[in-house]
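Heads up: the structure comes next, in structure tokens.
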Amino acid sequence: MNDYAIFVKKFYIKSGIDLNLYKEAQMKRRMVALREKKGYASFLEYLKAMDTDRQLYEEFLDRMTINVSEFYRNPIRWQQLEEDILPHLIRSSQGKLRVWSAACSTGEEPYSLAMLLSKHLAPSQFSIMATDLDDVVIEKAKQGKYHERALIDLPEEFQKRYFTRRGDDYYISDEIKQLVTFKKHNLLADVYERNFDLIVCRNVLIYFTEEAKEKVYTSFQRALRPGGMLFVGGTEQIFQPKRYGYAMKQSFFYEKIDG
Ligand SMILES: C[S@@+](CC[C@H](N)C(=O)[O-])C[C@H]1O[C@@H](n2cnc3c(N)ncnc32)[C@H](O)[C@@H]1O
């Protein structure tokens, strides 16, 4: 086994994260660049150093996946969500609308959902769970501090109503913060909660191998209530959605049809 393969195996034992489930070429390229930047000649040396240096380990976790996010990323899809998908979900929901933002990064996505849902529902009528693998991004999300560039596509009404500007930073209001519950969750290893009306999982499945992706589609399908909807990223259309128990409702929106 080569240095990288041994590293992947030992890293799994250490972290519970299976790097084999991510597309190898991309992942390896990023990891080699990071290892070289840190000055380690081999992955095994790098891993050894992580055993005693917690910061090095956390930095690795943080860089392992790309954390870039924005409020209202691909605004046309959010418009579709508001105009076509949400009314349908509200009509067919039984009780509270349960929403999950999976792989939420620094919070732009679940907070966008909170602002949008607040326009149509009272806080008592919905709940938003937001999860990510990475503790560092979850902490940032809870802080709710953003650079202007993250807000570029956010409707002005929301910017004005829910943000306070201090210097170059924009702080999200407590009113929105308290509508989101953040938790750590690994999509490739942890148990999924059930009975969601809407699961939003965007711009993470592209990093997974085909096999891992298929497992996630199936787990999301089980986690949705019948008629619930999965909202995926702009390059993540599901090929043959029926195979996993979905019907395409609109591009990038998939409805649970059986099971
Ligand atoms: C590019 S961000 C996407 C953020 C947001 N969903 C969006 O579309 O703007 C990808 C996120 O996926 C998370 N991630 C990567 N692998 C994961 C896994 N196995 N389980 C949960 N989250 C994961 C990363 O930590 C990162 O925050």
Side-chain angles (χ1 to χ4, degrees), residues 8 11-12 14-24 26-28 30-31 34 57-78 80-81 99-116 128-144 146-147 149-154 172 180-193 196 198-220 223 229-238 251-253:
V8 168
F11 184 74
Y12 178 61
K14 182 178 174 66
S15 66
I17 297 167
D18 187 355
L19 296 174
N20 282 319
L21 299 175
Y22 292 77
K23 284 182 191 154
E24 183 174 340
Q26 274 179 15
M27 178 61 77
K28 200 168 168 184
R30 259 205 321 279
M31 296 302 95
L34 183 60
Y57 172 60
E58 284 188 353
E59 188 185 355
F60 179 87
L61 281 183
D62 195 34
R63 295 282 182 82
M64 195 198 94
T65 54
I66 293 162
N67 292 318
V68 180
S69 191
E70 285 160 29
F71 290 93
Y72 260 63
R73 192 170 188 174
N74 313 115
I76 294 169
R77 304 288 160 232
W78 287 83
Q80 259 176 299
L81 174 65
V99 179
W100 177 16
S101 166
C104 66
S105 188
T106 37
E108 291 87 336
E109 184 179 278
Y111 288 143
S112 299
L113 288 164
M115 289 183 259
L116 176 60
I128 302 172
M129 175 173 93
T131 61
D132 201 281
L133 172 79
D134 181 354
D135 287 317
V136 177
V137 291
I138 292 179
E139 275 319 301
K140 282 193 191 152
K142 286 182 183 166
Q143 265 184 9
Y146 297 95
H147 194 273
R149 66 177 166 269
L151 279 78
I152 228 144
D153 285 324
L154 186 68
I172 198 153
V180 180
T181 306
F182 289 96
K183 289 182 193 166
K184 185 173 175 165
H185 181 273
N186 182 351
L187 287 167
L188 299 172
D190 294 335
V191 172
Y192 288 31
E193 287 186 24
F196 289 101
L198 172 66
I199 298 176
V200 181
C201 184
R202 309 181 71 213
N203 307 301
V204 63
L205 296 173
I206 31 166
Y207 302 117
F208 295 171
T209 61
E210 282 309 309
E211 185 200 344
K213 247 191 265 188
E214 290 186 3
K215 259 176 97 172
V216 174
Y217 292 148
T218 305
S219 304
F220 279 150
M229 210 72 78
L230 172 64
F231 177 17
V232 300
T235 54
E236 296 173 322
Q237 265 155 317
I238 305 177
S251 310
F252 311 103
F253 291 93

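For ligands, and for the atoms within them, numbers begin at 1 and follow the listed sequence. Numbers here are sequence positions counted from 1.
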Legend entry - Under 3.5 Å: donor-acceptor pair, side chain of Glu108, backbone of Tyr72: no
Legend entry - Donor-acceptor contact present, side-chain Asn67 to main-chain Asp62, <3.5 Å: yes
Legend entry - Val137, Val136, Asp132, Asp134 screened by side chain to side chain contact (heavy atoms under 4.5 Å, CB included) with Thr106, the one that passes: Val137
Inset, instruction - Considering only NZ, NE, NH1 and NH2 on the basic side and carboxylate oxygens on the acidic side, decide whether Asp135 and Lys184 come within less than 4.0 Å. - result: yes
Inset, instruction - Could you please provide the protein residues found below 4.0 Å of ligand 1 on a heavy-atom basis, arranged by chain and number? - result: Tyr22, Thr65, Ile66, Asn67, Val68, Ser69, Arg73, Ala103, Ser105, Glu109, Asp132, Leu133, Asp134, His185, Asn186, Leu187, Leu188, Arg202, Asn203, Val204, Phe208
Legend entry - Within 45° cone and under 6.0 Å: Arg30 NZ/CZ vs Tyr207 ring: yes
Inset, instruction - Would you please classify the geometry between the Tyr111 ring and the Phe71 ring as parallel, tilted or perpendicular, with 30° and 60° separating the classes? - result: parallel
